[in-house]
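Presented below is the structure to which this report refers.
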Amino acid sequence: MDGRRGATSGGPGARLEDISPPGRVAGPDEGIGVDELALAARNHGLPLEALRYDVTPPGLHYVLVHYDIPVTASEDWLLTVGGRVREPLTLDLRTLRSLPAVTLRVTMECAGNGRARLTPRPVSQPWLVEAVGTAEWTGVPLRLLLDEAGVGADAVEAVFGGADHGVERGVEQDYRRSLPLAVAMGGDPPVLVAYGMNGRPLPPQHGRPLRLVVPGWYGMAHVKWLRDITLTDTPFTGFQQSVAYRYRQEADDPGEPVTRIEPRALMVPPGFPDFMSRIRVVRPGPVPLEGRAWSGYGEVARVEVSTDDGRSWGEAELAPPDGNVWAWRRWRTSWAAGPGRHVLSVRATDATGRTQPGEQPWNRGGFGNNLVQRVPVLCVPER
């Protein structure tokens with residue numbers, strides 16, 4: 001399976017490649033272009049002050065839509081499960097909702113979060129640090145559906161197809177991704193076929209009526225507008241799997257797959273902002289600092305804060321563990337602010353020892369960029 005669909009047509013010289021060029025890296029002095037601004041207008045991030053919410057309201061949760069938000073009619077929606085199974089399934093939403101349901105609080109982050117701060121900059125959706133959110137997702141554990149269909153002895157992967165259709169780097173395609181069978185069948189935590197977000201039906205931009213939720217994995221794995229699941233006896237080689245979402249240094253490098261979320265901590269910017277520069281303004285004296293931290297590899301073990309642009313670090317207080325390692329964890333501390341300019345930073349370390357770098361390794365896709373956050377602050381007395 002290669003994930004391609006449709007054929008190029010048109011008059012002489014008409015080619016999809018002419019409107020959909022290969023991925024590239026910006027030139028040394030190249031600013032963000034109109035095409036990147038158009039992507040930024042369609043795909044929005046989390047306002048960092050919304051880190052105060054334990055669960056992100058759907059309208060504030062980050063959104064990335066590769067192509068168009070499909071027009072979906074929930075009452076007619078069908079999910080098929082086929083391929084290397086004993087009994088193919090066709091399930092409507094009523095049937096799915098009648099099955100045992102699970103609700104999981106999961107932090108989801110775009111694999112390209114932080115891309116716009118890389119030098120040279122990969123030309124794509126220009127995220128800074130805001131492509132994240134945490135929601136309570138309700139649905140059916142994927143393993144229950146696969147157990148009902150009966151997994152074939154030769155199955156190695158589960159391929160998930162969404163209803164969004166478009167062109168990327170000259171390839172016409174439906175959005176499709178796969179998971180190793182061991183991940184798809186996992187139970188701690190389970191992968192979900194989700195139909196609810198924060199106690200309500202999925203909003204259109206978040207995949208109504210069905211989406212995949214893969215705890216601990218970057219957002220590209222959480223296929224939206226899910227309509228088919230196919231078990232295969234060979235690895236999936238579609239565009240989103242073998243071309244996009246790879247850690248690579250050169251264009252012809254096969255690279256390594258993007259999978260789990262690297263550790264990250266973010267700070268609620270303190271004080272109040274300048275409209276254009278977003279530099280924060282605080283008053284002298286004690287300033288509370290707070291935020292969230294998460295990792296797709298395990299529980300967050302430590303969060304450190306710097307108030308002198310990374311020259312020294314102090315440990316922040318972490319909220320008590322609640323047993324859910326796949327959702328962000330609150331941290332807080334206090335800073336004695338003095339007059340002048342300051343740069344605040346925060347970094348997380350997880351239970352596996354992974355920590356955020358002070359200098360970000362570069363890759364052509366701008367993926368997995370978990371460089372420590374820097375928050376410029378101006379401390380001035382009351383007027």
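Throughout, residue positions are numbered sequentially from 1 according to the sequence presented. Below, each value reflects all heavy atoms present in this structure, side chains not excepted, and no hydrogens, waters or symmetry copies.
Panel note: side chain Arg211, backbone His222; a donor-acceptor pair is recorded below 3.5 Å. Between the Arg347 side chain and the Gly358 main chain, no donor and acceptor come within less than 3.5 Å of each other. In this structure, Arg311 contributes its side chain and Asp308 its backbone to a donor-acceptor pair below 3.5 Å. Remark: side-chain polar atoms of Glu148 are not paired, donor with acceptor, to backbone N or O of Leu146 under 3.5 angstrom.
A donor and an acceptor atom, one from each side chain of His165 and Glu172, are located under 3.5 Å apart. With hydrogens and angles left out, the side-chain atoms of Glu157 and Thr232 include no donor and acceptor closer than 3.5 Å. No side-chain N or O of Gln356 forms a donor-acceptor pair with one of Gln373 less than 3.5 Å apart. A donor atom on one side chain and an acceptor atom on the other are not found under 3.5 Å apart for Tyr62 and Glu109. Remark: the Asn198 side chain and the Glu136 side chain contain no N/O donor-acceptor pair separated by less than 3.5 Å.
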Ser306/Ser345 under side-chain hydrogen bond (donor to acceptor under 3.5 Å, both in side chains): CA gap, chis, key distance, verdict: CA-CA 5 Å; Ser306 172; Ser345 301; 5.1 Å; no
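The distance from the CG atom of Leu46 to the CD atom of Glu130 is 8.5 Å, given to the nearest 0.5 Å. Separation of atoms CH2 (Trp326) and CH2 (Trp294) is listed at 15.0 Å; rounding is to 0.5 Å.
Other residues, nucleotides and ligands contribute over 12 non-hydrogen atoms within 6.0 Å of the CD atom of Gln249.
For the pair Arg176 and Phe160, the cation-pi test (distance below 6.0 Å, angle within 45°) is failed.
In terms of heavy atoms, Met220 sits closest to Arg177 at O-CG, 3.4 Å.
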